There are 2 protein chains.
Amino acid sequence: MVRKTKEDAELTRQRIIHAAREVFLVRGVSRTTMEHIATQAGVTRGAVYWHFDNKIDLFHAMREQVFLPLIDRMDDTLLVEGSEDPLTRIENFLCGTIQVLNDSMETRQIYEIMMIKCEYVDEFAAVLQQILSNCSGIAGKLQLVYERAKVQGQLHAAHDPAQLTMDTHLFFIGLLHMWVKDIEGNQFRHQAIELIKTHMQLRRR
Amino acid sequence: MVRKTKEDAELTRQRIIHAAREVFLVRGVSRTTMEHIATQAGVTRGAVYWHFDNKIDLFHAMREQVFLPLIDRMDDTLLVEGSEDPLTRIENFLCGTIQVLNDSMETRQIYEIMMIKCEYVDEFAAVLQQILSNCSGIAGKLQLVYERAKVQGQLHAAHDPAQLTMDTHLFFIGLLHMWVKDIEGNQFRHQAIELIKTHMQLRRR
DNA sequence: TTACATACATACAAGAATGTAGGCAAATTA
DNA sequence: TAATTTGCCTACATTCTTGTATGTATGTAA
């Protein structure tokens, strides 16, 4: 078969992205060649180069598939004032993220690639900046919610929302890192939810 | 000059390790070739291969130069019961680590390499295990000190040393990661010490 | 002072990896 | 249905890397 319909082509594109993820995970981004990805996807380098300019283009395509949903979920869970109080909303957001990692192998693998299978140099240095910018965004939204919690009297009088935000932010970054690295699962993965609950409990009055 | 004395040779070895650090930092570990390192060190690949089997051998040599001192300092600061109370000892250890990062460019760069310029696959997967094992060691010692704090009545009655340990551990891992990634310094580096003090203040009764 | 080991430099062979250019048949459009 | 574009494959040409093998001059020990 040579030429495909548009739908078939899009399917090929997706297959290539999936293949890239699988190979990145095993070989690391740097050691992965376009040939590896092509073979894994069952096509040739020609097809890969047709759909993507180069490796980092492919990397970005892969990354988008987990980060766009993350932002959406964050807004929904954190900012929409439903029946939950602010601190519970934060707790739900953190637990929800862990839940996504548990449920979605794809997300799990992409996090793993970004954390321990990628070197942020040259073209990839910009990716790191995007990640940091994302983190700032998360921290910003967290702080909004902590400020709501303060207003609603959920916090100890001595606790400052900005400080609590940073503390929670760093805690969660650490948790994500260890969750991802703890492949065996016996150290952090099994007790991640409990760790979050404990962390939040420390700041309820 | 061809043949050197033992002292000269050791000097060459050190120069190669330093060169490797510098090149790893700029090009990432994977993209760094032995030729890059040799050139940076002012020698040829012959010299590099004489002193080190391959790149990961060099990587280990580089890593040792910061990790052995870390362990020592940890034991000194955390475990030696001097004039300080337990919670202060923990605070001093955390602040001390940040201080080392501030003072020692070498340490700073090696952390940066290990966190965002290295892919933990194949031969490097074992390095990640060592790091995790190191983390376990740190957590273990932290917990000992938190238990001392509990005995000495420094903690709230409701707080469990094991839980506080994990929370502090994850906070600090997150802090280290963000400290390293925050090259500009405006986000985390400048306020790292304050963040630690705030974190510890959350658990003093 | 004669061996031998050491500390490198140089040269070579072999295998990747990349990007591009050209080909080709089927899908799409006019 | 003719013309064009799309989606992909094949085939270079070129450039890196690696490991090793070999050369060699100098410390060093007997």
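Throughout, protein chains are lettered first and strands after them, A, B, ... in sequence-line order, and every chain is numbered starting at 1. As the structure is a prediction and not an experimental result, all values here were calculated from the model. Because only heavy atoms are used, hydrogens play no part in the values below, and waters and symmetry mates are left out as well, while side chains stay in.
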Exercise for the section: Scan side-chain atoms only and decide if B/Arg73 and B/Thr97 contain a donor-acceptor pair under the 3.5 Å cut-off. Expected result: yes
Practice task
Would you tell me if any nitrogen or oxygen in the side chain of B/Thr12 comes within less than 4.0 Å of OP1 or OP2 on C/dC8?
Solution key: yes
Practice task
Give a yes/no answer on whether the side chain of B/His51 brings an N or O atom under 4.0 Å of OP1 or OP2 in C/dC8.
Solution key: yes
Exercise for the section: Flag this pair as yes if the NZ/CZ of B/Arg45 is under 6.0 angstrom from the six-membered ring centre of B/Tyr49 and inside a 45 degree cone about the axis; otherwise no. Expected result: no
Problem - Residue pair B/Gln154 / B/Asp85, side-chain donor-acceptor N/O under 3.5 Å - result: yes
Practice task
Tell me whether the OP1 or OP2 atom of C/dC8 has a side-chain N or O from B/Trp50 closer than 4.0 Å.
Solution key: no
Practice task
For B/His51, check ring pair (Phe, Tyr, Trp, His ring centres under 6.0 Å) against everything at least two apart and list the hits.
Solution key: none
Practice task
Go through the steps for A/Gln65 and A/Gln14 under the test side chain to side chain donor-acceptor pair (under 3.5 Å), then give the verdict.
Solution key: CA-CA 11 Å; A/Gln65 297 201 329; A/Gln14 292 300 321; 3.0 Å; yes
Handout entry: Any donor-acceptor N/O pair, A/His177 side chain to A/Gly174 backbone, under 3.5 Å
Key = no
Short heteroatom pairs, N/O only, protein and nucleotides 15-21 of chain D, under 3.5 Å:
{"residue": "D/dT18", "atom": "OP2", "partner": "B/Met34", "partner atom": "N", "Å": "3.2"}
{"residue": "D/dG19", "atom": "OP2", "partner": "B/Tyr49", "partner atom": "OH", "Å": "2.3"}
{"residue": "D/dG19", "atom": "N7", "partner": "B/Arg45", "partner atom": "NH2", "Å": "2.5"}
{"residue": "D/dG19", "atom": "O6", "partner": "B/Arg45", "partner atom": "NH2", "Å": "2.9"}

Fill in the blank from the handout: B/Ile16 CD1 to C/dA7 P, in whole Å, measures 12 Å
Problem - Side-chain H-bond candidate by donor/acceptor type, A/Glu106 with A/Ser104, under 3.5 Å - result: no
Practice task
Using distance alone, with no hydrogens and no angle criterion, decide if A/Arg15 and A/His18 have a side-chain donor and acceptor under 3.5 Å apart.
Solution key: no
Problem - For DNA chain D, the residues among residues 56-64 of chain A that have a non-hydrogen atom under 4.0 Å from it - result: none
